[in-house]
Asks: 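The structure's right below; bear with me while I get my questions together.
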Amino acid sequence: MLTSLSLIFLVGLVMGAICQKLKLPRIIGMLVTGIVLGPYVLDFLDPSILSISADLRKMALIIILIKAGLSLDLKDLKKAGRSAILMSFVPASCEIIGYILLAPVILGINHAEAAVMGAVLAAVSPAVVVPRMVMLIEKRYGTDKAIPQMILSGASCDDIFVIVLFTTFLNVAQGGKANVMDFVNIPVSIILGIILGIVTGLGLYLFFETSYARKHTVRNSMKVIIVLGFSFLLIAIEGWLEGKVSVSGLLAVVAMACTLKFKCVPTVSARLSEKFGKLWLAAEVILFVLVGAAVDIRYTLKAGLPALLMILAALVFRAAGVLLCTVKTNLTWKERLFCIIAYLPKATVQAAIGSVPLAAGLACGQIVLSVAVLAIIVTAPLGALGIDCTYKRLLKEDKTH
């Protein structure tokens, strides 16, 4: 395992640095590292690390979500309002509709299988989008209209919506029936996640303040460990309650971090944000190298041009969904174009659930996995590159702060 970790960090960082020199996003180098070192090419990574890959990826995602919550300003988020809510489900719904309409024609599968494929492919990747939106908030690009805040919050909810639809469509494809309660669970999961996060955040704030008042100051490094511990617990609670009540652990983590930012002294939340930013340097490498390692390049070769055509056609539906969300807003066409680009990347969810239909014995399992793998390879670099190269041209820098 230690050899595997050293390869992940050293080769991942070197490849990331090479991509940076070539004016490409670092994540491209990290994804390539994972694909090459992973079990489907050179097979240099120990099975023990691959067996806990999903947990390590989730831990890395938690770190950037805490950083995101500590960067979010609730006043700015209010500016996005209706658009932020719509972004959490409209683009994904439009993309799924695109798959249901076009996949039977392009890929020769039935409508139920097309719905399963759409649900696998429709989720935006928070791992790619969230760190970039945090960077834009810090650089204050588009913040006067709360554009990065809108995309960040939408991307966080988008995954919950899509995963619930995926389990429903998978059940239908296996001969079951769609359950109305599955759809009811979507808003329940979001609301309970936010409430749980706020309560946890208030509890941590009171603990830190009480300790300070009694002259038992908790060091910032210790606060980071405590916040991380509670974040892992929030994710665990989601697992404990599975089958009983739906709670979004990832949204709870963001809500907890937002509450800490809102309640704590600005200098404290700024220092915490800085420390989580440093943790992200290591977490980012682990996340994207392991996402790359989960990609079976052989399926990409089998997918061929029809799969690529399907992905691009579905992205047109997704773009239409993003435009619908920005109707009757004060966003310019340049800013709307940026929102479309920022909602392109796919990686984490597709790597996590792409193989589930195949494991479930569905006839479409092989083609779903092939399209999911191809979507990661095409859209993750495309979206990351698009965001990095266009934000200065498409968004205005807020110089009022």
Side-chain angles (χ1 to χ4, degrees), residues 25 27-28 30-32 34-35 38 40 57 61 91-109 113-130 132 155 158-159 161-163 165-166 169-170 287-288 290-322 340-359 362 364-387:
I27 78 152
I28 295 175
M30 294 171 195
L31 284 170
V32 170
I35 292 168
Y40 308 110
R57 294 201 307 263
L61 195 56
S93 299
C94 289
E95 189 168 1
I96 291 170
I97 290 167
Y99 277 98
I100 292 170
L101 292 176
L102 301 178
V105 178
I106 297 172
L107 300 174
I109 58 178
E113 292 170 338
V116 172
M117 181 182 284
V120 171
L121 273 294
V124 72
S125 172
V128 179
V129 174
V130 171
R132 279 165 174 76
D158 172 276
D159 287 4
F161 174 71
V162 168
I163 288 167
L165 287 184
F166 170 70
F169 292 149
L170 188 66
L287 177 60
F288 290 113
L290 289 178
V291 165
V295 168
D296 189 340
I297 201 77
R298 294 170 299 178
Y299 288 120
T300 313
L301 301 173
K302 288 179 185 175
L305 283 175
L308 181 60
L309 178 63
M310 183 63 249
I311 291 165
L312 296 176
L315 288 178
V316 173
F317 278 80
R318 186 174 193 85
V322 174
I340 290 170
I341 294 166
Y343 248 49
L344 292 180
K346 301 173 188 304
T348 29
V349 174
Q350 289 71 28
I353 66 173
S355 60
V356 173
L358 184 61
L362 290 187
C364 66
Q366 182 90 19
I367 188 66
V368 169
L369 181 55
S370 301
V371 176
V373 168
L374 188 61
I376 294 170
I377 292 169
V378 171
T379 65
L382 183 68
L385 193 61
I387 294 168

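Owing to the predicted nature of the structure, the values given are computational and were not obtained by experimental measurement.
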Asks: Once you round to the nearest 0.5 Å, how far does CG of Leu374 lie from CG of Leu369?
Replies: 11.0 Å

Asks: Rounded to the nearest 0.5 Å, what's the gap from CG on Asp158 to CD1 on Ile163? Could you check?
Replies: 9.0 Å

Asks: Is there a donor-acceptor contact under 3.5 Å from the side chain of Arg318 to the main chain of Ala122?
Replies: yes

Asks: Assess the residue pair Leu102 and Phe317 against the criterion (side chain to side chain contact (heavy atoms under 4.5 Å, CB included)); give the C-alpha distance rounded to whole Å, side-chain angles, the decisive distance to 0.1 Å, and a yes or no.
Replies: CA-CA 11 Å; Leu102 301 178; Phe317 278 80; 3.7 Å; yes

Asks: Can you tell me if Ser125 uses its side chain to pair, donor with acceptor, with the backbone of Pro345 under 3.5 Å?
Replies: no

Asks: With a 4.5 Å limit on heavy-atom distance, are the side chains of Phe166 and Val349 in contact?
Replies: no

Asks: Where is the tightest heavy-atom contact between Ala342 and Val124, given as atom of each residue plus distance?
Replies: O-CG2, 4.2 Å

Asks: Please report the shortest heavy-atom distance between Pro357 and Leu170, naming the atom on each side.
Replies: CA-CD1, 4.2 Å

Asks: So which heavy atom on Leu344 is nearest to which on Gly383, and how close?
Replies: CB-CA, 4.3 Å

Asks: Flag the pair Val128 / Thr379 as yes when at least one side-chain heavy-atom distance between them is below 4.5 Å, and no otherwise.
Replies: no

Asks: Do side-chain atoms of Glu95 reach the backbone of Gly118 as a donor and acceptor pair under 3.5 angstrom?
Replies: no

Asks: What are the two closest heavy atoms between Ile96 and Ala119, and how far apart are they?
Replies: CG1-N, 4.0 Å

Asks: Rounded to the nearest 0.5 Å, how far apart are CD1 of Ile376 and NZ of Lys346?
Replies: 10.5 Å

Asks: For Leu362 and Glu113, run side chain to side chain contact (heavy atoms under 4.5 Å, CB included): C-alpha distance rounded to whole Å, both residues' side-chain angles, the deciding distance at 0.1 Å, then the answer.
Replies: CA-CA 8 Å; Leu362 290 187; Glu113 292 170 338; 5.6 Å; no

Asks: Got a second to check how far Leu385's CG is from Ile28's CD1, nearest 0.5 Å?
Replies: 5.5 Å

Asks: Step by step, would you call Val116 with Tyr99 a side chain to side chain contact (heavy atoms under 4.5 Å, CB included)?
Replies: CA-CA 9 Å; Val116 172; Tyr99 277 98; over 6 Å; no

Asks: Let me confirm one number: the CG-CE distance from Leu315 to Met310, rounded to the nearest 0.5 Å.
Replies: 9.0 Å

Asks: Quick one: does Tyr40's side chain have a donor or acceptor within less than 3.5 Å of a partner on Ala294's backbone?
Replies: no

Asks: Which heavy atom in Ala114 sits nearest to a heavy atom in Ala103, and how many Å separate them?
Replies: CB-CB, 3.8 Å

Asks: Determine, step by step, whether Ile27 and Leu287 satisfy the side chain to side chain contact (heavy atoms under 4.5 Å, CB included) criterion, reporting the C-alpha distance in whole Å, the side-chain angles of both residues, the deciding distance to 0.1 Å, and the verdict.
Replies: CA-CA 10 Å; Ile27 78 152; Leu287 177 60; over 6 Å; no

Asks: Do you know which of Leu308, Leu309, Val316 makes side chain to side chain contact (heavy atoms under 4.5 Å, CB included) with Leu312?
Replies: Leu308

Asks: Determine the minimum heavy-atom distance between Gly354 and Val368, stating which atoms define it.
Replies: O-CG1, 4.1 Å

Asks: Could you give the distance from CG (Leu165) to OG (Ser93), rounded to the nearest 0.5 Å?
Replies: 6.5 Å

